[in-house]
Asker: 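Could you have a look at this structure, given as C-alpha cells, before my questions?
Numbered from 1 within each chain, the chains take letters A, B, ... in sequence-line order.
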Amino acid sequence: MEKLNNKESISLVITICINIAILVASQVIVVSCSSASLINATFVSVLAIIFTCIICLLYKKFIGLSILDIADFLGGKFLKFIVGIIFFLYFLFSIVVLLCRLVDCLQIVYYPITNTIFTVLLFIIATGIVCHFKNNAFSKSNLMVLPISLVALLLAFLGNTKNFDYQNIYPLLGNGIDSTFISGMSNMFVFGGIAYLYFLPSKLKRPDKFFSISVISILLSAIFLLITVATIVLMFNKNLVSGQLFPLYTAVRYIEFGTFFQRLDSAFLLIRIISFISFLGIFSNLCLNIFKEITQITDSRPLICPFLLLVFGLTIVLKTHFKLELFQNTIFKILFFSIVIGLGFIILVLANFKKKAFK
Amino acid sequence: MNKTILKTIMIITVSIIFIYAFSVSFSSHSIDNISYVIALGVDLSEDKNNLQVTFEFMDTSSFADNGTSQESPPIIDTVTSTSINSAINLLNSYVGKEINLSHCKVVVFSDELAKKGIFSEITELMNNIQVRPTTNLIISKSRAIEYIQNSTSSLEKVLSKYYDIFPNTSEYTGYTSNIMIGNLYNRLIDNSCGNLAILGGLNEKYTSVKQNSSSSSSSGNSSSGEGSSKDESSGNYSNEQSSSESDNQIPSNNISPNTIVASNSPIIGERGTENIGLAVFKEDKYIGDLTAMDTLCHTIITGEVDTFLISIDNPEIYENYIDVNLFENASPEISVDTSGEQPTINIKIKLTGRIVGIKDGFNIVNEMDLDLNKISEAVNKYLKNSISIYLNKTTSEFCCDIDDFYKIAKKNFLTTQEFEDFDWCSKYPNSKFNISIDANVSYSLLNSD
C-alpha cells in the first residue's frame, strides 16, 4: 500500500473534522452554548491541540506504529482485536450518523419525493468507487476536493459579513460557565480527526513528521471550526439553529452578491456532497484496513461490498426507526470521549509504561 | 472477459435504477412543470376566520430568447383557505402546475391581519424551504390583494426585478428599510425586542385618478372586462391626467417627512403603490407606524442609511430652506448603562454633510457668507430633536425596543439568565436617552471654503 505524504495526511484529518463540524457539531455547540459558542469552540480547540500534543509525545516511543500495533504490543492479539473492533464501530457509527444527517437535508431541499434508499445508495456507490481504486486514490482525490471545500466555507463566512450581528456574542458566557466550559468540554467530539491520528503513523511516508502533521491538521481544523461557528452564531438566534437543515446551509441561503449572484446555496450543497463522499471514502478505507489488520486477511477489497451494505442497512434503519438527535447530540459525544479520549489514551499510556518497564 | 461483461451489466443496471429513482423528483421540479410566484399577499377573509391568499405569477413567455423583456401584465390568483400551505395546495390543483415560492420576492400582509398577529403565518413561510430568508416583508395599509394588483413599476418593466431592488432606497433615503422575512423571524423568536416590517400602501392620488378614469370609461360605455390589466389602467391615467388636476393638490402640511407614510404621501405618479415608513410590531402584532422621519431616525441609529437629505428651516441662520446631504462616517457609537433602575442609553452619531441647495440663495452662495458652524449646529439640533421624538415614541407609544438596544445591553451581563432576570422588555419604556450628534457641514462640491 502506498504511503501518505504530509499534505495528504493533513488534508485527511481536516476533512474529517470539517465534515463533523458542519453537519453535526456546529449545531450542537450553538444550541448548547448559545452566545458563548465562539468561546466554547476556542476552548475545545485548545483542549484538542493539547490532547494532540500529548498523543504525539506518547507516540515518540512507537514511531510508525498504529494504535492496533501498540495494543498488540500491550495485550497481544486479543487486545488488538478488541481495540480494532471498538474503533471500527466508532468509525461506522460516525459514517452512519453523518450520512443520515446529509441525506435528511438533501431530501428536504432537493429530493422530497425520491425514496431515501436511492439517496443513500448514491453515496454508497460513490464511496464504493472511491474505495475500489488502489494507490490511496481516496487521499489524492481528497487533496483536490479539500481546497474547494475550504474556499466554500470561507465564502460562506465572508459573503455573510453584511448579515452579521456582532452583538450576538453577548452575554459572553451564554448559558453559563457550566455549559461553556464543563459540560461544554464534550463538544470536543468535533475533533473526530483525532481518532484518525491513532492510525496515521503506520500510513505515513515519514513517520518522524507525525508531531507536526498532527498539530498542523488539528490547528487548521480548529480555525475552520471557529469560522463555521462564527458564521452561525453571528447570524442566528440559537432557537433557529435547531432545525433539520444544518445551520451553515441556512446561513448560505442569505448570501447575495448584488442582484446578479444569488442562490449560491445550490453550489455550496454540491461542494458539501463531494466533500462528504471524500469523508466517507476516508472512514470506509480506515474501517476496511482495521478489519484487514485484526483478521489478518491479505486483501480488504472483497470486503468493500459487504461493508458498504452494512453502512447502507444501518443508515436506513437509523433513518426510519430512530431519532437522529439522540445519536448526534449524546451518543456521538459519549463514544468520542470513551473511545478516542479514553481508550486510545489509556492504551498509549500503558504501552509507554510497559516499554519503560522492559528497558 | 466475463468480468468486463459483468461490470458493464452492473453499471447499466445502476444507471437505470438512478434514472428511474431521481426522475420522480426531477419531473416535479422541472421548470416546465412549475409556476413561479413573485409576490404573495395574505389578507383576512371576509368572514374574518380564514386567510385570503393572493399569488402573483410572472408570465415567463414575456422573456424573449434574445434576453430582452417586454412588459406583460402579471397573473394574479386568489384563494381563501385556512392557512397559506392549504391555499398553495388548493391552487396547485387549479393552476395545473406546481406552485413554487423560490422566486417570491415579497410577502405582503394586510394591516388588518397583522394587527391580529402573524407569527403562525411567518413560521409557516419560514418552514417552507422554497421561501428565501431574503424575501422582503411588507405590511400594507390597504388589503394585500389591492397592493399586489396596483404594484406596477413604469420604470422597471420586469416586476420581479423591481421587487428585488426597491428596498435599496433605504441606503440613500432612509425612508424605508430592507426588512427581510428571515431577520423578522429571528427577532420574533427573540422575546426581548419589538419588530419592524416595511410599510406599504396604495398611492392615494393614483387610485383616485384610476377610479375617476374607470368611472368615466364606464359612463362612456366602455366594454372593458373585470380582468382589465394594470397597463390599461395606467394608460387611462395618462389620458385623464389633465382632467384630474384637483386630485393633484397636495396639502402643504403633508410634505413634511414627519407626517409622510405609505398611503399618505405627496407623490403623484404612475405607480399604484408606495413603500414609505415602517410598520411596528410588538411580539407578532402590528401596533403602529413609523413616519418617513421616524424611519430615517431608526436607520441612522442602526447605521443602515449611508447618505440622506434633510432640509433645515432655521430663521436664525437663513430665512429659507437649506438642503443638506449628510453621510454617516462610521457606525453610531451606542452604549447602554443598566446599573440603575432604568436603563440609560447613550447614542453618539458622527456625520459629515454638504449643502446641496439653498432656496433663493443666489447672493449668499456667491458671497460665501454662510456661517458653516452655525449650520452644523442647526443640523445637530434638528437631528437631535427628531431622534429624541422618535425614541420617545418607541418608549411611550410602542413600549418596545425596535432599535435592538437590548443587544448592546447584553454586554453588561455575563449569562443569558442574568439578562433575562433583568427583564429588558418591562424596563425599556423607562429608558433615558443621551443623544449626541456631531455633524460637520461644508459647502457643496462646486463651492468650497
Asker: Sort Asn412(B) into side chain, backbone, both or neither according to what part of it lies under 4.5 angstrom from a heavy atom of chain A.
Answerer: neither

Asker: So that I can tick it off, tell me whether Arg132(B) and Asp265(A) are bridged by a salt bridge, with the cut-off set at under 4.0 angstrom between side-chain N and carboxylate O.
Answerer: yes

Asker: Taking side chain as everything from C-beta outward and backbone as N, CA, C, O, which of these in Leu121(A) sits under 4.5 Å from a heavy atom of chain B? Side chain, backbone, both or neither.
Answerer: both

Asker: Take atom CZ of Phe133(A) as the centre, draw a 6.0 Å sphere, and report whether it contains more than 12 heavy atoms from other residues, nucleotides or ligands.
Answerer: no

Asker: Look up atom CG in Asn183(B) and atom CZ in Phe236(A), then write down how far apart they are to the nearest 0.5 Å.
Answerer: 9.0 Å

Asker: Heavy atom to heavy atom, less than 4.5 Å: which residues from residues 170-179 of chain A reach chain B?
Answerer: Tyr170(A), Pro171(A), Leu172(A), Leu173(A), Gly174(A), Asn175(A), Gly176(A)

Asker: Going from CG on Leu122(A) to CD1 on Ile17(B), what distance comes out if it is rounded to the nearest 0.5 angstrom?
Answerer: 12.0 Å

Asker: Between NZ of Lys407(B) and CD1 of Ile169(A), what distance do you get to the nearest 0.5 Å?
Answerer: 12.5 Å

Asker: Counting heavy-atom pairs under 4.5 Å to chain A, which of Leu414(B), Asn127(B), Thr134(B) comes out on top?
Answerer: Leu414(B)

Asker: Just verifying a value: how many Å separate Ile334(B) CD1 and Gln167(A) CD, rounded to the nearest 0.5 Å?
Answerer: 8.5 Å

Asker: Just so I know, are the side chains of Ile129(B) and Arg253(A) near enough to count as touching, which here means a heavy-atom distance under 4.5 Å?
Answerer: yes

Asker: I need the Ser35(A) OG to Phe413(B) CZ distance, nearest 0.5 Å.
Answerer: 12.5 Å

